[in-house]
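First up is the structure itself, then whatever we jot down about it.
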There are 2 protein chains.
Amino acid sequence: MTRVLVVDDEPQMLRALQINLEARRYTVATALDGDRALDEAAETPPDAVILDLGLPGLDGTEVIRALRIRSAVPVIVLSGRSGAADKVIALDAGADDYVTKPFSMNELLARLRAVLRRPASDEPIGGSAVIGDHTVDLAGCTVRPVPIRLTPTEWRILTVLVQHPGRLVTGRQLLLDVWGPGHERKTNYLRVYLAGLRRKLERDPAHPRHLLTEPGMGYRFEP
Amino acid sequence: MTRVLVVDDEPQMLRALQINLEARRYTVATALDGDRALDEAAETPPDAVILDLGLPGLDGTEVIRALRIRSAVPVIVLSGRSGAADKVIALDAGADDYVTKPFSMNELLARLRAVLRRPASDEPIGGSAVIGDHTVDLAGCTVRPVPIRLTPTEWRILTVLVQHPGRLVTGRQLLLDVWGPGHERKTNYLRVYLAGLRRKLERDPAHPRHLLTEPGMGYRFEP
DNA sequence: TCGAACCTTGACGGTTCCTTGACGCGGCGC
DNA sequence: GCGCCGCGTCAAGGAACCGTCAAGGTTCGA
């Protein structure tokens with residue numbers, strides 16, 4: 001099911017969008033301001049974001065920039081201002097489309113379909129990392145030069161670690177990112193999967209040089 | 001240099017766009033009607049297309065569909081009609097954005113930057129791929145040296161896979177690209193059609209070497 | 001009207017992956 | 001030395017996923 005995150009400070013507008021989107025079989029998440037929108041997007045990444053620019057607190061363009069740091073999710077901006085300058089600012093901040101209020105629901109839905117049609121819209125911005133003799137490409141989910149198969153969970157863990165190169169990632173954070181809320185205590189998962197990743201990628205799995213354990217803290221990817 | 005193809009039947013508008021785009025260091029190609037636009041796009045594939053809907057001869061939406069058969073190039077539609085219905089038709093035909101005349105040049109340029117920013121926008125659909133004893137030509141929808149019939153759905157799936165050679169394509173993405181929004185859960189479609197493609201193209205369908213499955217992740221075309 | 005090609009849908013068996021528990025090892029404090 | 005705790009390893013059961021097949025439904029043209 002396609003997830004759409006709708007951000008608007010007016011409950012009426014929020015509700016109207018939610019009803020229309022759910023009628024088209026989209027899964028809808030809502031947020032009333034920018035901070036909660038970023039929390040929600042971090043929790044369960046949406047496939048698209050519909051964002052009202054006129055938010056209290058965090059500015060709409062800042063929300064776009066914050067989203068862009070971690071993902072390439074398409075963003076459609078709603079705004080009451082039709083001036084060209086506003087559109088330029090929002091689009092250059094990273095928005096994918098700009099719709100002026102009042103708008104037709106059909107037009108918004110068509111624009112939503114247009115941005116969702118793009119390839120790789122749900123894939124996180126990934127880089128690549130060198131581990132042992134292997135180069136892993138997060139975007140393409142490939143390992144070169146020797147093809148090695150990783151399971152979906154292994155890819156997710158590796159993605160989180162590689163996106164914070166050299167920095168400690170707590171077990172809690174890892175469990176939250178990969179398994180979601182409610183699994184923060186299952187540290188044995190991490191032991192099992194980190195062992196698997198080392199066995200597949202590290203030159204000497206017993207003495208890892210890139211996928212390191214910080215006892216009592218968490219794990220760290222060392223480039 | 002980024003190539004932009006501008007299609008408009010009014011020479012004045014064409015010239016205005018060309019001057020503004022070239023001032024921003026874009027390379028500009030122009031066409032006065034849909035047929036010549038398609039010829040030009042086939043000759044030297046552009047990185048983006050700016051298309052006036054009100055063309056003589058070939059309808060604008062048909063131009064979009066024709067472009068979409070062969071490439072994923074971003075298309076920005078210009079139109080004098082601001083009705084929501086027209087926008088829906090154009091966007092669903094495959095347009096990426098819709099700008100109503102009269103428009104601000106800065107807004108158009110911002111939208112152009114927005115569509116060019118997305119990844120892989122310049123990758124053509126064309127080309128061919130070797131699978132088993134067969135060479136499939138995506139542009140001509142033919143298989144050599146032995147002609148093999150593929151159904152429309154099979155062509156669409158194969159196109160998506162071959163466009164990302166060596167990279168993983170999630171089942172979600174495939175379903176979204178081929179069947180559109182609302183079908184993301186019907187993974188059995190993929191099982192049926194991938195089996196069909198392997199039976200027709202792979203040397204040993206039971207042990208595919210080019211149309212690979214990544215369990216839990218998706219599928220991958222391995223050249 | 002009929003038939004052919006294509007698309008959908010469901011069911012079944014085999015494979016892969018996730019989860020879970022048990023065990024061993026090493027460090028640390030007592 | 002002894003027990004505790006965190007971590008690495010391993011194996012088994014169950015769940016989820018995939019390949020395959022066949023039947024029903026739809027569309028399109030003869």
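Chain naming here is simple, since letters A, B, ... match the order of the sequence lines and numbering starts at 1 in each.
Side-chain contact, A:Arg156 with A:Thr151: no donor N or O sits under 3.5 Å from an acceptor N or O. Residues B:Arg167 and A:Thr142 have side chains that never bring a donor and an acceptor to within less than 3.5 angstrom of each other.
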Base-pairing string, 5' to 3', of DNA chain C - Watson-Crick or wobble, under 3.5 Å, | interstrand: ||||||||||||||||||||||||||||||
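Look at CZ on B:Arg156: it is 11 Å from C1' on C:dC7, rounded to the nearest Å. If you take CG of A:Asn188 and C1' of C:dA22, they are 12 Å apart, rounded to a whole angstrom.
At the heavy-atom level, A:Thr187 lies nowhere under 4.0 Å from the strands shown. Within 4.0 Å of A:Arg149, counting heavy atoms only, lie sugar-phosphate atoms of the nucleic acid but no base atom. The residue A:Thr213 sits close only to the backbone: its heavy atoms come under 4.0 Å of sugar-phosphate atoms, none of a base.
Around the CE atom of A:Met13, the shell of radius 6.0 Å holds more than 12 heavy atoms that belong to other residues, nucleotides or ligands.
Between C:dC18, C:dT16, C:dA11, one nucleotide has an atom nearer to the side chain of A:Thr151 than all others, and that is C:dC18. Side chain of B:Arg191, nearest nucleotide from C:dC6, C:dA11, C:dT8: C:dA11.
In this model, the phosphate group of C:dT9 is approached by a side-chain N or O of B:Lys186 to a distance below 4.0 Å at OP1 or OP2. At C:dT8, one or more side-chain N or O atoms of B:Trp179 fall inside 4.0 Å of OP1 or OP2 (strictly under the cut-off). Residue B:Tyr189 has no polar side-chain atom (N or O) positioned under 4.0 Å from OP1 or OP2 of C:dC7. Note on B:Tyr193: every side-chain N or O is 4.0 Å or more away from OP1 and OP2 of C:dC6.
The aromatic ring centres of B:Trp179 and B:Tyr193 sit less than 6.0 Å apart.
First and last contacting nucleotides of DNA chain D toward chain B (any atom under 4.0 angstrom from a heavy atom, 5' to 3' order): D:dC17 to D:dC21.
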